[in-house]
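Structure, as structure tokens:
We number each residue from 1, following the sequence as shown. Computed over heavy atoms, backbone and side chain alike; hydrogens, waters and symmetry mates excluded.
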Amino acid sequence: DRINMASTGQHPRFCVAWGIFAASVFVPLLVRKQILQEVKLSFLGCHLGDEGLKQVSPILAAPALESLALSLWKCEIPGRGLRHVTPHFPKLRSLDLDLSFNDIDNMGLLALLSAISEATELTSLTLKLHNHKNHISTFGIKGLASLGGSLPKLRLLDLQFRAIPGVLLHMAEFHQLSSLTELRLQMPHCGVNAPDTQHLAWVSRAPSLTALSLDFANSRIGDGGLQHLCAHLTGVAHLRTLSLSVYDGQISEACAPALCGLARQSPALVSLRLSCLGANFSPGSLGDC
């Protein structure tokens with residue numbers, strides 16, 4: 001009832017050929033029997049491209065399919081190349097996509113996020129995207145807003161974006177994710193600044209959130225941004241686990257009271273992991289916590 005297939009780019013032509021062979025030989029049998037429920041496909045550094053992904057996509061036609069993990073790391077997927085797989089999203093309950101180091105552009109990302117918003121049965125969503133060629137701007141990422149009111153059953157949301165600007169600006173509607181229990185945001189090199197942190201105020205209104213992980217490596221949030229962030233997080237009534245990573249040389253010990261307040265005043269917090277690389281804290285500045 002499941003397929004788990006991985007190929008690396010050491011022999012890219014073989015990588016693509018193997019994927020197409022598996023799709024043409026094994027998949028029709030499973031699809032006809034209607035038993036396929038889980039698919040894990042990993043193509044790393046393969047020259048898969050638009051045509052290769054089209055050939056592999058029949059794997060997803062199984063009517064009973066509920067879980068898809070698709071890694072297309074550095075596979076030369078063009079801007080709208082995902083159009084071959086997105087029609088199969090609505091039936092999924094779990095979706096894990098790694099699209100790092102491809103040629104996804106604004107229109108491609110908007111189309112992808114629109115397709116995800118139609119997968120109303122999703123309980124788990126992981127999306128990894130590295131904007132290494134700067135094809136994605138704030139225009140493309142605005143499609144995030146559509147997820148807020150569209151995924152009522154979502155419990156886990158894991159967004160790993162690198163070098164994509166304006167991500168936090170479009171999360172205000174995420175407070176509608178009433179079933180969300182775990183949120184992971186990794187946004188290194190996304191240019192997060194102090195005003196951006198105001199757009200995380202919605203977490204204080206998330207009724208079911210118990211686990212939160214935030215990674216703002218190489219950000220520019222400064223003292224003001226970290227203080228705002230701590231104020232928002234203190235209001236999360238049921239938060240039990242918090243991991244906060246900030247790499248910003250502009251953060252000073254002026255943030256110590258806010259950090260201590262977060263540790264003291266979060267009523268349900270049992271685990272706190274704090275990493276402030278580059279921060280200018282003096283010895284003992286957090287001693288009163």
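- The shortest distance between side-chain heavy atoms of L200 and L168 falls below 4.5 Å.
- Atom NE2 of H47 is separated from atom NZ of K74 by 9.0 Å, given to the nearest 0.5 angstrom.
- Rounding to the nearest 0.5 Å places CG of L157 at 5.5 Å from CG of L183.
- Partners of D215 under the side chain to side chain donor-acceptor pair (under 3.5 Å) rule, at least two apart in sequence or in another chain, do not exist in this structure.
- Within the 4.5 Å cutoff, the side chain of V246 has no heavy atoms near those of the L274 side chain.
- Counting heavy atoms from C-beta on, the side chains of L262 and L242 come closer than 4.5 Å.
- Proximity of a side-chain donor or acceptor of D103 to a complementary backbone N or O of E76 within less than 3.5 Å is not detected.
- Panel note: side chain H84, backbone S57; no donor-acceptor pair is recorded below 3.5 Å.
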Exercise for the section: Kindly indicate, with the supporting measurements, whether the criterion side chain to side chain contact (heavy atoms under 4.5 Å, CB included) is fulfilled by L72 and L48. Expected result: CA-CA 8 Å; L72 300 170; L48 199 63; 3.7 Å; yes
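- Scanning all heavy atoms of the two residues, the minimum distance from L113 to I141 falls at CD1-O, 4.4 Å.
- Pairs of residues two or more places apart, or lying in two chains, that qualify as ring pair (Phe, Tyr, Trp, His ring centres under 6.0 Å) and include a residue from residues 137-196 are F174-W202.
- Residues passing the side-chain contact (heavy atoms from CB on, under 4.5 Å) test with D98 are S71, W73, S100, K128, sequence neighbours excluded.
- Separation of atoms NE2 (H238) and OG (S266) is listed at 12.5 Å; rounding is to 0.5 Å.
- Inter-residue side-chain proximity for L212 and L244 is flagged as unmet; no heavy-atom pair is nearer than 4.5 Å.
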Exercise for the section: Assess whether side chain to side chain contact (heavy atoms under 4.5 Å, CB included) is satisfied between I116 and L95, documenting all intermediate values. Expected result: CA-CA 9 Å; I116 292 175; L95 177 61; 4.1 Å; yes
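- Between L239 and T210, the closest side-chain pair of non-hydrogen atoms is not below 4.5 Å.
- Two different hydrophobic clusters hold L169 and F216 under the rule that ILVMFWY side chains link at heavy-atom gaps under 4.5 Å.
- Heavy atoms only, all atoms of each residue included: K142 and L110 are closest at CG-CD2, 4.0 Å.
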Please tabulate, for side-chain N and O atoms in residues 146-154, each donor-acceptor pair with protein atoms closer than 3.5 Å (sequence neighbours left out).
residue, atom, partner, partner atom, Å
S146, OG, G143, O, 2.7
S150, OG, S146, O, 2.6
K153, NZ, E121, OE1, 2.7
K153, NZ, E121, OE2, 3.4

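- Proximity of L259 to C230: side-chain heavy atoms (C-beta onward) are separated by under 4.5 Å at one or more points.
- L127 contributes atom CG, which lies 8.0 Å from atom CG of L144 (distance to the nearest 0.5 angstrom).
- Two residues are said to be in side-chain contact when any heavy atoms from C-beta on lie closer than 4.5 Å; L125 and D158 fail this criterion.
- For the residue pair P207 and S178, the shortest heavy atom distance occurs at CG-O, 3.8 Å.
- Across G49 and P78, no two heavy atoms sit closer than the pair C-CD, 4.4 Å.
- Not one N or O on the side chain of S114 forms a donor-acceptor pair closer than 3.5 Å with the backbone of A111.
- Contacts classified as salt bridge (charged side-chain N to carboxylate O under 4.0 Å, His left out) and involving residues 56-68 (residues at least two apart or in different chains) are given here: E66-R93.
- If you check the side chains of N193 and S219, you find no donor sitting under 3.5 Å from an acceptor.
- The side-chain heavy atoms of F89 and L122, taken from C-beta on, include no pair separated by under 4.5 Å.
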Practice task
Report the C-alpha distance between C75 and C46 in whole Å, list the side-chain angles of each, state the deciding distance to 0.1 Å, and finish with yes or no for side chain to side chain contact (heavy atoms under 4.5 Å, CB included).
Solution key: CA-CA 5 Å; C75 284; C46 301; 4.1 Å; yes
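- Around NZ of K91, the count of heavy atoms belonging to other residues, nucleotides or ligands within 6.0 Å exceeds 12.
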Practice task
For S137 and N106, run side chain to side chain contact (heavy atoms under 4.5 Å, CB included): C-alpha distance rounded to whole Å, both residues' side-chain angles, the deciding distance at 0.1 Å, then the answer.
Solution key: CA-CA 7 Å; S137 67; N106 282 329; 3.0 Å; yes
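- Judged by distance alone, the side chains of Q198 and D196 never bring a donor and an acceptor atom under 3.5 Å apart.
- Evaluation of the ring-ring contact (aromatic ring centres under 6.0 Å, His included) rule for H130 yields F101 as partners, not counting sequence neighbours.
- In this structure, L177 CG and M171 CE are separated by 10.5 Å, a value rounded to the nearest 0.5 Å.
- Note that the OG atom of S213 and the CZ atom of R184 stand 7.5 Å from one another [nearest 0.5 Å].
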Practice task
Please step through salt bridge (charged side-chain N to carboxylate O under 4.0 Å, His left out) for the pair D50 and R83, ending with a clear verdict.
Solution key: CA-CA 9 Å; D50 183 77; R83 68 186 185 280; 3.0 Å; yes
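- Cluster annotation: L209 is connected to L272 through the hydrophobic network of ILVMFWY side chains, with a link wherever side-chain heavy atoms come within less than 4.5 Å.
- In terms of heavy atoms, E182 sits closest to L180 at O-CD1, 3.6 Å.
- Of all the heavy atoms in I104 and H135, the pair that sits closest is O-CB, 3.5 Å.
- Tracing side-chain contacts under 4.5 Å through hydrophobic residues (I, L, V, M, F, W, Y), one never reaches L70 starting from L156; they form parts of separate clusters.
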